[in-house]
Amino acid sequence: MPPVPMMETSENLLCLDRSALESYFVSMGEKPFRARQLLQWIYQRDVLSFSGMTDLSKPLRTRLDSEACLILPEIVSQRTSTDGTVKWLIRLRDGNCIETVYIPEPDRGTLCISSQVGCSLNCTFCATARQGYNRNLDAGEIISQVLLASRALKNDERLRALRPDRALERPVTNVVLMGMGEPLLNLDNVVAAMRLMMDDLSFGLSWRRVTLSTAGHVPGIDALAKLCRVALAVSLHAPNDELRTRLVPLNRKYPIRMLLDSCRRYSNAGNRIRVTFEYVMLEDVNDDIGHARELAGLLQDIACKVNLIPFNPYPGILYKRSGPDRIARFSEELRRKDVFVVTRRTRGEDIEAACGQLAGDFSDRTRRSLRMSRPQSELS
Ligand code: SAH
């Protein structure tokens with residue numbers, strides 16, 4: 001057998017949340033509290049070499065050096081929008097690239113992160129879908145996006161000057177899994193990374209400030225409710241199955257009634273937070289008053305808020321963004337029917353960082369037939 005390079009056999013400890021790290025240390029014959037020390041070095045002191053972790057014993061550091069690693073992907077480019085939004089292109093170890101976006105506001109800094117290289121779901125209006133699907137990100141690649149962005153925002157003077165949120169002690173106050181990919185089709189890795197984001201020894205975010213957005217994978221929503229408490233956003237985009245199946249093909253498998261039932265279950269599972277329904281505004285497709293009324297009818301008995309997203313066009317796409325008047329009328333109609341609604345302000349458009357414009361860059365795309373069969377089988 002050819003020799004296996006050491007990097008491949010050593011464990012990337014960025015993939016492990018606190019309990020997994022504790023088990024790792026125990027399996028080495030070490031005390032579980034080593035996990036706490038390691039997390040603080042990595043996420044609070046930004047030390048990623050074992051040799052610099054001075055409160056670990058010398059023999060342990062040497063052993064970690066030979067058996068484990070801390071592998072961060074690499075930022076290959078950074079673009080800054082006139083509105084302060086920042087987009088990073090991040091290269092993974094296998095050469096695939098993903099995108100991560102930072103959206104600053106005076107009272108918060110939201111990081112939009114990716115969960116997969118590409119996406120398998122084929123929503124007809126989304127730029128990521130056009131790229132096809134390549135693979136799931138591992139937990140280390142997911143949490144690394146938060147680590148790399150926080151680092152860049154703290155250390156880059158030019159970025160600091162641009163931020164309207166300079167007063168914030170930590171630049172990243174909120175994380176949304178709304179970048180490339182369908183997070184519920186990569187549930188285990190996403191949950192490990194979200195647990196790290198919420199761990200007091202790393203980023204310490206409150207669960208209300210971590211939002212997972214899904215195209216509506218019903219078994220995934222139920223599985224998430226059992227594993228981890230975070231805010232849930234669901235990409236609804238249409239008030240009836242006929243239209244929704246055209247926009248989000250996953251609807252064929254999990255139609256609206258099933259989806260809304262799983263959202264009710266999620267809200268009732270002790271989460272006590274309104275589910276957000278995202279609704280992309282597509283001119284003459286899903287944006288007339290009739291659609292608004294139908295939507296209000298659907299949502300009458302569910303604790304939720306609707307987030308209207310003006311469509312972000314990109315080259316080659318035939319859909320158009322609904323005009324501001326139409327969006328205002330749609331929103332007014334929902335409000336009249338007592339649905340809580342906000343319209344998302346489009347950010348970072350000049351750097352293709354707005355919703356649905358993230359495409360990354362990767363090779364070796366899975367064939368369509370494979371892609372279509374993958375999502376169901378990947379969810380455990
Ligand atoms: N797969 C997940 C998360 C990624 S997409 C999901 O579907 O929710 C994040 C949000 O951006 C989704 O609501 C998605 O429907 C929306 N979106 C995708 N393309 C868009 C575009 N071109 N303009 C505006 N919103 C878009």
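In each ligand, atom 1 is the first atom listed, and ligand 1 is the first ligand listed.
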Sub-4.5 Å side-chain heavy-atom contact between Y279 and V341:
no
Over 12 non-hydrogen atoms of neighbours within 6.0 angstrom of NZ in K337:
yes
Part of M180 with heavy atoms under 4.0 Å of ligand 1, whether side chain, backbone, both or neither:
neither
If two hydrophobic side chains count as joined below 4.5 Å and joins carry through other members, does F277 share a cluster with V342?
no
N or O contact, Y314 vs ligand 1, cut-off under 3.5 Å:
no
Of all the atoms in ligand 1, which lie at a distance below 4.0 Å from a heavy atom belonging to C126?
18 (C), 19 (N)
Y43 vs F203 aromatic rings, parallel, tilted or perpendicular, using cut-offs 30° and 60°?
perpendicular
Take a 6.0 Å sphere around CZ of R252 and say whether it holds more than 12 heavy atoms from other residues, nucleotides or ligands.
no
is_close_aromatic(H217, Y254), centroid dist under 6.0 Å:
yes
Just heavy atoms, cut-off under 4.0 Å: does E278 contact ligand 1 by side chain, backbone, both, or neither?
side chain
Examine ligand 1 and decide if any of its atoms is less than 4.0 Å from a heavy atom belonging to G179.
yes
Sequence neighbours excluded, every pair satisfying salt bridge (charged side-chain N to carboxylate O under 4.0 Å, His left out) that has a member inside residues 307-324
R321-E349
For G181 and ligand 1, does the shortest N/O to N/O distance drop below 3.5 Å?
yes
Which atoms of ligand 1 are found less than 4.0 Å from any heavy atom of S213?
2 (C), 3 (C), 6 (C), 8 (O)
Please work out, at 4.0 Å between heavy atoms, whether the side chain, the backbone, both, or neither of N312 comes within that distance of ligand 1.
both
With a 4.0 Å heavy-atom cut-off (strictly under), which part of T214 contacts ligand 1: side chain, backbone, both or neither?
backbone
Sub-4.0 Å atoms of ligand 1 with respect to non-hydrogen atoms of H237
13 (O), 14 (C), 15 (O)
Exercise answer: donor-acceptor pairs, residues 21-33 side-chain atoms, under 3.5 Å, sequence neighbours excluded:
| from | atom 1 | to | atom 2 | distance (Å) |
| --- | --- | --- | --- | --- |
| S23 | OG | S19 | O | 3.1 |
| S27 | OG | Y24 | O | 2.6 |
| E30 | OE1 | R34 | NE | 3.1 |

Less than 4.0 Å is my threshold; does some heavy atom of A233 fall inside it relative to ligand 1?
no
